[in-house]
Amino acid sequence: MTDLLWLVPALPLAGSVVNLFFGRRLGNPLAGMLACGAVSASFVIAALAVLQYTAGDTTHPFQQHLFPWIAWGTGRTETTVAEAGLMLDPLACVMVLVVTGVGSLIHLYSLGYMAHDESYPRFFTYLNLFTFSMLTLVLANNFLLMFVGWELVGLCSYLLIGFWFTRPSAASAGKKAFVVNRVGDWGFLIGLFLIWATFGTFQFFGENHAPGVLDDPGGVLKGGAGLDLSWLFGEGVVFPVTLAIALLLFVGATGKSAQVPLYVWLPDAMEGPTPVSALIHAATMVTAGVYMVARAHSLYELAPEALTVVAAIGAITAIFAATIALVQNDIKRVLAYSTVSQLGYMFLGLGAGAYASGIFHLMTHAFFKALLFLGAGSVIHGLSDEQDLRNMGGLFKYMRVTAITFLIGWLAIIGIPPFAGFFSKDLILAKTFERGQEDPVFLVLYLLGLITVGLTAFYMSRLVLLAFFGRYRGAEAHTPAEAAAAPEHEPVAAAAAHDAHADAHGDAAAHAGPHESPATMLIPLVMLAFLSVVGGLIPLSGLPPFIFGEHGETQVEQFLAPSLSAHAAGAVEHVAALDPMIEWGLTLASVGVAVLGALFAAALYLAGRPRPADLIDTFRTPYRWLINKWYVDELYQALIAHPGARLASFLSAFDLGVVDGAVNGVARLARGTGGLLRGLQSGYVRGYAVTFVVGAFAVLAYWAFRP
Amino acid sequence: MPALPFPLPEIPATVPTEAYLILSGILFALGCTGVILRKSALTIFMSIELMLNAVNLSFVAFARQLGQFDGQIFVFFVMAVAAAEVAVGLAIIIDIFRSRCTADIDDVSWLKG
């Protein structure tokens with residue numbers, strides 16, 4: 001089956017193309033089923049390919065060369081700069097299964113969620129195109145092809161955020177995402193240029209891809225290839241090229257994976273349909289940055305400073321986004337900030353040199369965050385487009401399946417054992433602490449991560465309590481007066497609409513209070529809930545201490561080792577694993593902090609002691625900063641967007657006045673001269689003849705009578 | 001060469017150059033007037049030929065007076081160019097006549113600016 005690997009991205013692409021041209025004719029639900037079938041088939045093929053690959057020797061990646069893409073020279077001297085080829089190694093296995101697996105479930109969910117949307121075929125065209133792009137990104141066997149996938153997922157993200165483009169907020173959110181991502185992509189692209197200039201290949205680093213590229217026999221990399229800074233900092237100061245590449249690639253990752261300072265687009269991206277938020281802005285696309293850094297880890301090993309930067313940005317993002325999530329009232333925005341925060345964890349893990357832990361968290365996060373988003377979508381659907389937590393409450397008794405699966409997701413994200421999030425988050429924190437033994441900076445970062453565990457537990461518990469427990473605070477079902485005023489919505493019709501799950505984005509009046517979602521939406525919820533329970537156990541070997549297998553390595557680390565631990569020469573060597581007792585202590589600490597956070601939320605929102613309103617009164621200034629998201633959007637507006645607009649309007653005036661003025665002026669001059677001279681050309685030949693004669697005589701007269 | 005049965009009339013040894021020039025001037029003026037005044041394209045064309053030949057006449061007159069060949073050679077050139085000009089010009093006139101059914105030069109004023 002590995003030979004059919006090319007079908008994995010090809011099937012969604014085919015689905016997308018068919019839906020693009022024939023989607024309208026296929027209509028609803030055939031277009032959606034086609035899309036869903038394409039991704040599911042691609043999942044089956046991917047799963048079989050992964051099974052076959054992992055059954056054999058995984059120390060070497062499986063390569064599938066498709067065609068030479070960019071080449072120069074001819075005949076014998078032909079050199080391939082980049083080829084279009086796919087690759088399967090343990091890291092790609094994890095990614096491809098997450099993308100196609102979670103992707104299939106979300107396609108299935110969309111069948112129900114988007115059922116009544118006018119642009120049903122367009123939605124599935126985009127969604128399939130996204131799946132193709134993401135698979136290109138994770139299966140690419142070189143940086144250049146990966147970049148193609150990277151840009152394509154950005155495009156799909158833009159198209160899907162602005163899916164309801166008639167809504168101005170959606171259109172501007174799409175633009176914001178696109179522009180902010182361009183900033184990051186700039187870094188990635190410059191990084192690629194530097195990679196080519198330095199190593200002369202776009203192959204991934206490491207023994208399995210471009211052996212010897214990083215070996216550095218002449219000591220060029222270590223010794224001082226890079227930007228000469230002697231003129232600034234004195235003799236011999238050089239900015240190493242490896243560090244520059246690593247940082248530039250990370251700039252790309254901060255854009256795509258919504259890290260400080262480029263995270264601002266992700267919360268706004270929630271304007272898109274909820275399945276999109278789940279698939280693109282929680283489970284897959286935003287993890288592309290994590291994947292890319294893990295892919296380039298051999299390079300990062302050569303630039304330990306860059307790893308520290310990655311970890312610091314990750315930890316800062318984690319705690320920063322978590323604080324904002326504490327007070328948001330839009331259910332999807334809480335989840336969006338939570339995603340930003342969790343992505344921060346992944347980068348913290350990568351930065352600590354524990355790449356496997358970051359990828360592990362990427363996987364479990366894809367399960368539980370997709371679950372939470374789809375659950376939130378189900379809630380929004382059931383409440384006829386209500387997203388404000390203040391208007392929810394008590395939904396547990398209206399939507400049992402959604403509530404129970406959501407609770408599982410909640411337990412998973414706050415890190416309660418044995419749910420998925422516990423294992424991965426704990427592994428990251430343990431690895432960060434372990435790294436802290438040699439570099440105290442990481443102890444601080446560990447502390448930030450630990451605090452974030454508490455914050456996460458608080459805001460997620462707050463969300464769950466506000467949405468599913470207590471008293472229902474939303475608008476009641478139709479009162480008799482309303483029903484009388486709108487005779488087309490008689491109670492019977494309303495009840496029918498309830499069962500027919502009339503469209504979440506259509507006529508809100510057709511609903512009679514909160515109701516459960518249809519089966520196509522519940523099945524993915526249940527399956528993702530299952531994955532959120534066992535997802536963390538998959539890579540487990542033996543108990544106790546349960547997350548650590550032989551040689552102090554977890555099974556997930558052992559599985560990913562061929563991809564992630566091919567150390568380049570001179571790479572940073574990490575100390576051995578910690579004492580098991582310390583491991584247990586760390587585990588207890590993080591679980592304890594999570595329980596504390598959850599209990600505090602329960603005190604506030606379940607028992608009402610202290611009352612949340614009182615707390616807001618007491619801490620008015622911090623609350624104002626948090627509810628306004630630390631005024632970061634306003635800061636960017638004032639620092640970048642506003643001066644940019646001013647510059648643009650100045651340049652526009654310059655263009656219209658000076659540039660266009662000069663061009664029009666030249667044209668006007670030519671035209672005026674022509675107008676003066678046109679009278680001479682009468683078209684009468686005899687007139688010209690007279691002119692000749694007169695002219696000839698004038699010349700003669702001049703010569704005859706000149707002084 | 002057999003002797004003639006009667007003596008040739010006595011003619012002056014030379015016609016003075018001025019006479020040629022005067023004739024040339026008259027021919028040139030006639031041609032010029034024709035070009036300016038006539039409406040028919042063909043007549044204008046013939047007038048132009050007249051002007052050219054007037055010039056030719058003055059060329060050969062000067063050539064004789066100065067005892068040089070330059071003028072005569074120049075005349076050959078003028079005649080060759082005039083032949084070419086006739087070929088092109090007549091073709092144009094015929095084409096105009098075919099498409100417009102007129103050879104009146106005043107009717108052909110499409111190039112008015």
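Below, read A as the first sequence line, B as the second, and so on, with proteins coming before strands; counting in each chain starts at 1. Fair warning: this is a prediction, and the values are worked out from it, not measured in the lab. Computation of the quantities below employed the complete heavy-atom set of this structure, encompassing side-chain atoms and omitting hydrogens, waters and symmetry-equivalent molecules.
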S.K.: Name all pairs fulfilling the ring-ring contact (aromatic ring centres under 6.0 Å, His included) condition that reach into residues 676-707 of chain A, sequence neighbours left out, sorted by first residue then second.
M.R.: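 Found none.
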
S.K.: Sort by residue number and list every member of residues 71-101 of chain B having a non-hydrogen atom under 4.5 Å from chain A.
M.R.: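 Interface residues of residues 71-101 of chain B: none, nothing closer than 4.5 Å to chain A.
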
S.K.: Using a heavy-atom cutoff of under 4.5 Å, enumerate the residues of residues 17-56 of chain B that contact chain A, numbered in order, or state 'none'.
M.R.: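 Cys32(B), Val35(B), Ile36(B), Leu37(B), Arg38(B), Lys39(B), Ile44(B), listed by number.
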
S.K.: Suppose a student defines contact as a heavy atom less than 4.5 Å from any heavy atom of chain B. Which residues in residues 168-180 of chain A would they list?
M.R.: none

S.K.: Is the OH atom of Tyr158(A) crowded by more than 12 outside heavy atoms at less than 6.0 Å?
M.R.: no

S.K.: Can you confirm whether Arg24(A) is buried at CZ, in the sense that more than 12 heavy atoms of other residues, nucleotides or ligands lie under 6.0 Å from that atom?
M.R.: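 Open.
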
